[in-house]
Amino acid sequence: MLFRSENMKPNQVKPDPTLSDMLMKAAMQVGRSDLAEDLFEQSPGDVAKHVTMIKACGKENNLQGAVSVFNKLKQGGVHMNSMIYNCLLDACVQCGDMDSAFKYFEQMKELYFVDVVSYNTILKSHLSSGHVDTAQKLLEEMSARGLPANKITYNELLNAKVQTKDRRGMWKLVEQMQAVGVTPNSVSCSILLKSLTMNSHNSDVSRTMQLIDQMEEPMDEVLFSSVIEACIRVGQLNLLSDKMRKYAQQGGLLALTAPTYGSMIKRSEEHTSELQSLAG
């Protein structure tokens, strides 16, 4: 298909918008940025293609290219919006240029283009740099702007709290979620399960299991596997039996795969070995 598109150029044959978009995406996937650029230049007013090019440049670590495409849109008199800015913001983060990311983020605030996606992008960058307190302040700033944080926002922060072993901060964040009506989902529960160890407070174990029971969506095999490992890790096999009964009532046990059973056996053996080591 790419070969045929190249034959169109000398014959001055232009593909229709749908075909052009397909060719452009295919060219970028196989690393033919030159061909993608040719197709892009044929549609100077096509916002969707500009957005696609900005995303592609970000993935290729070509921030200069992403900014160039972004500026072409601005200079062409296109009505800019949150989606366009968010794509550039993400490209800045992918390319590791946080100074530029913060600069465009401030521009978005001034233009009232900033939204939850923008905040989540910047929040993730702060967390990846270990700036948990700064990321936490963004949550407060979002609230002040009337932008409700979503589950992605909270889960990113929750994961950071767990990684830094901030038990108090972890549960405070869960309480914040619940206070604004954001129900912890399977991702939230998986993150909390990772925090459980043999030294965990019983209250932490019970609160985590309660949140799993309160989830709006049914437990899937991935989460159930995490529950299995956590129960064995904390040495509460009675709790595991309870969860297995509940999962069986949902018909879940019938769908368990061999890797999940293998995980149960492996974790059980590891836990037994740990106990024997402690006893010895």
Side-chain angles (χ1 to χ4, degrees), residues 47-48 51 54-55 58 70 79-94 98-195 203-204 207-220 222-223 226:
V47 175
V51 168
I54 292 171
K55 289 180 179 179
F70 176 81
H79 178 68
M80 305 300 279
N81 56 35
S82 298
M83 180 188 68
I84 298 170
Y85 266 92
N86 280 333
C87 286
L88 182 61
L89 197 64
D90 191 54
C92 290
V93 173
Q94 286 190 69
M98 294 315 303
D99 288 339
S100 294
F102 296 143
K103 181 186 74 173
Y104 288 114
F105 187 54
E106 291 303 317
Q107 282 185 24
M108 293 177 74
K109 291 180 187 179
E110 294 171 5
L111 295 168
Y112 294 95
F113 285 157
V114 72
D115 59 12
V116 176
V117 174
S118 321
Y119 271 98
N120 283 347
T121 301
I122 296 298
L123 184 140
K124 287 180 184 178
S125 69
H126 281 308
L127 291 176
S128 64
S129 301
H131 302 149
V132 181
D133 290 340
T134 305
Q136 184 75 44
K137 288 178 182 177
L138 283 178
L139 190 63
E140 298 169 6
E141 187 179 306
M142 288 175 70
S143 179
R145 280 182 169 268
L147 292 171
N150 59 19
K151 292 183 181 182
I152 295 174
T153 316
Y154 283 110
N155 285 338
E156 288 289 341
L157 278 168
L158 188 60
N159 188 53
K161 298 287 186 185
V162 169
Q163 288 182 343
T164 56
K165 295 181 171 53
D166 182 3
R167 174 178 172 269
R168 186 171 297 178
M170 176 181 79
W171 288 116
K172 184 177 180 181
L173 191 62
V174 170
E175 290 167 2
Q176 282 183 274
M177 290 178 69
Q178 294 173 318
V180 296
V182 178
T183 308
N185 60 6
S186 59
V187 176
S188 318
C189 293
S190 292
I191 293 169
L192 290 170
L193 286 167
K194 290 177 184 177
S195 72
S203 60
D204 290 350
R207 287 181 75 176
T208 301
M209 296 304 167
Q210 284 172 11
L211 286 174
I212 293 172
D213 290 338
Q214 293 167 6
M215 282 195 319
E216 294 175 349
E217 68 266 33
M219 188 190 308
D220 59 19
V222 175
L223 179 58
S226 296

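All values reported here derive from a predicted model rather than from experimental measurement.
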K.L.:
Hey, does Ser188 have a side-chain heavy atom less than 4.5 Å from the side chain of Lys151?
P.N.:
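A side-chain contact under 4.5 Å is absent here.
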K.L.:
How long is the straight-line distance from OH of Tyr104 back to CG of Asp99, given to the nearest 0.5 Å?
P.N.:
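It is 12.0 Å, given to the nearest 0.5 Å.
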K.L.:
Pairs under 3.5 angstrom only: tabulate donor-acceptor contacts from the side chains of residues 80-92 to other protein residues two or more places apart or in another chain.
P.N.:
residue	atom	partner	partner atom	Å
Asn81	OD1	Met83	N	3.2
Asn81	OD1	Ile84	N	3.0
Ser82	OG	Phe113	O	2.5
Tyr85	OH	Gln107	OE1	3.4
Asn86	OD1	Ser118	OG	2.6
Asn86	ND2	Ser82	O	3.2
Asn86	ND2	Asp115	OD1	3.1
Asn86	ND2	Asp115	OD2	3.3
Asp90	OD2	Gln94	NE2	2.9

K.L.:
Can you name the side-chain hydrogen bond (donor to acceptor under 3.5 Å, both in side chains) partners of Thr183, sequence neighbours left out?
P.N.:
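Counting only residues at least two positions away or on another chain, Thr183 forms a side-chain hydrogen bond (donor to acceptor under 3.5 Å, both in side chains) with Glu216.
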K.L.:
How far apart are the closest heavy atoms of Ala135 and Leu157, and which atoms are they?
P.N.:
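In terms of heavy atoms, the two residues are closest at CB-CD2, 3.9 Å.
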K.L.:
Give me the atom names and distance for the closest heavy-atom approach of Leu127 to Glu156.
P.N.:
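Between these two residues, the closest heavy atoms are CD1-O, 3.3 Å.
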K.L.:
Quick one: list whatever passes side-chain hydrogen bond (donor to acceptor under 3.5 Å, both in side chains) with Thr121, sequence neighbours left out.
P.N.:
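Result, side-chain hydrogen bond (donor to acceptor under 3.5 Å, both in side chains) vs Thr121: none returned.
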K.L.:
With rounding to the nearest 0.5 angstrom, report the SG to CG distance, Cys189 to Leu211.
P.N.:
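Interatomic distance, Cys189 SG to Leu211 CG, rounded to 0.5 Å: 5.5 Å.
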K.L.:
Taking only residues at least two apart or on different chains, which pairs with a member in residues 131-145 satisfy salt bridge (Lys or Arg N to Asp or Glu O under 4.0 Å)?
P.N.:
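For residues 131-145, and leaving out neighbouring residues, the salt bridge (Lys or Arg N to Asp or Glu O under 4.0 Å) pairs sorted by first residue read Lys109-Glu141.
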K.L.:
With sequence neighbours left out, what residues match Ser186 under side chain to side chain contact (heavy atoms under 4.5 Å, CB included)?
P.N.:
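Applying side chain to side chain contact (heavy atoms under 4.5 Å, CB included) to Ser186 gives Met215, Glu217, Leu223.
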K.L.:
Say you draw a straight line from CG of Asp213 to CE of Met219; how long is it, rounded to the nearest 0.5 Å?
P.N.:
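That separation rounds to 7.0 Å.
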K.L.:
A side-chain contact here means heavy atoms from C-beta on lying under 4.5 Å apart; do Ile54 and Phe70 qualify?
P.N.:
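They are in side-chain contact.
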K.L.:
Can you name the residues that form a side chain to side chain contact (heavy atoms under 4.5 Å, CB included) with Glu110, not counting sequence neighbours?
P.N.:
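If we apply the side chain to side chain contact (heavy atoms under 4.5 Å, CB included) test to Glu110, skipping adjacent residues, there are no hits.
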K.L.:
Atom CE in Met209, atom CG in Asp204: separation rounded to 0.5 Å?
P.N.:
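If I round to the nearest 0.5 Å, the distance is 11.0 Å.
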K.L.:
Closest approach of Val93 and Ser125, non-hydrogen atoms and distance?
P.N.:
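Minimum heavy-atom separation between Val93 and Ser125: CG1-CB, 4.3 Å.
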K.L.:
How close do Pro184 and Met177 get, heavy atom to heavy atom, and via which atoms?
P.N.:
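Heavy-atom minimum between the residues: CA-CE, 3.9 Å.
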K.L.:
Name all residues meeting the side chain to side chain contact (heavy atoms under 4.5 Å, CB included) criterion together with Ser143; count only those two or more places apart in sequence or in a different chain, and write none if there are none.
P.N.:
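For Ser143, no residue satisfies side chain to side chain contact (heavy atoms under 4.5 Å, CB included) once neighbours in sequence are set aside.
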K.L.:
What salt bridge (Lys or Arg N to Asp or Glu O under 4.0 Å) pairs are there with at least one residue in residues 168-187, not counting sequence neighbours?
P.N.:
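Listed by first then second residue: Glu175-Arg207.
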K.L.:
Side chains of Val174 and Gln178, heavy atoms from C-beta outward: is any pair under 4.5 Å?
P.N.:
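Side chain of Val174 against side chain of Gln178, heavy atoms only: contact under 4.5 Å found.
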K.L.:
Is Leu173 close to Leu139 at the side-chain level, that is, under 4.5 Å between some pair of heavy atoms?
P.N.:
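The answer is yes; the side chains approach within 4.5 Å.
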K.L.:
What residues form a side chain to side chain contact (heavy atoms under 4.5 Å, CB included) with Val187, not counting sequence neighbours?
P.N.:
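Val187 satisfies side chain to side chain contact (heavy atoms under 4.5 Å, CB included) with Asn155, Asn185, Ile191 once adjacent residues are dropped.
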K.L.:
Filter on ring-ring contact (aromatic ring centres under 6.0 Å, His included), then keep only pairs touching residues 126-163, sequence neighbours left out; what's left?
P.N.:
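Output for this query lists Phe102-His126.
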K.L.:
Let me confirm one number: the OG-CG distance from Ser226 to Leu192, rounded to the nearest 0.5 Å.
P.N.:
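Here the interatomic distance stands at 11.5 Å.
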K.L.:
Can you list everything that forms a salt bridge (Lys or Arg N to Asp or Glu O under 4.0 Å) with Asp166? Sequence neighbours excluded, please.
P.N.:
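Expected list: Lys161.
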